[in-house]
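This one's a predicted model, so the numbers in the text were calculated from it and none came from an experiment.
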Amino acid sequence: MPLIERYERSNHPILHSLMEGFIATALVLIDRGGAKLPVPDANDGGWKDVQVSEHSAWPPGGQVRDVERWAALSGQHARAMPY
């Protein structure tokens with residue numbers, strides 16, 4: 001997800017603060033919409049689709065440094081967002 005990649009490239013605390021809630025909410029909406037989030041497939045250099053949820057192993061291979069943190073944060077947002 002380009003937003004998460006941008007978040008991780010930055011060390012600016014204000015940018016992080018503004019992006020965290022937005023990204024977590026976006027992950028919940030992607031999951032609830034049944035969409036698949038494209039992530040790079042390191043094996044063939046291409047892209048593949050994966051499900052995103054609090055319990056998924058997104059992204060495969062741990063390409064994002066804080067996968068568990070994003071999953072926990074999106075889980076908190078999901079519990080606060082009625083269907």
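The cluster map of Ile, Leu, Val, Met, Phe, Trp and Tyr, joined by side-chain heavy atoms under 4.5 Å apart, puts Leu3 and Leu15 in the same cluster.
We find the CE-CD distance between Met81 and Gln76 to be 13.0 Å, quoted to the nearest 0.5 Å. Remark: Met19 CE to Ile4 CD1 distance equals 8.5 Å, nearest 0.5 Å.
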Validation: residues 20-28 side-chain donor-acceptor distances under 3.5 Å, sequence neighbours left out:
unit_1, atom_1, unit_2, atom_2, d
Glu20, OE2, Tyr7, OH, 2.6
Glu20, OE2, Arg69, NH1, 3.2
Thr25, OG1, Gly21, O, 2.8
Thr25, OG1, His77, ND1, 3.0

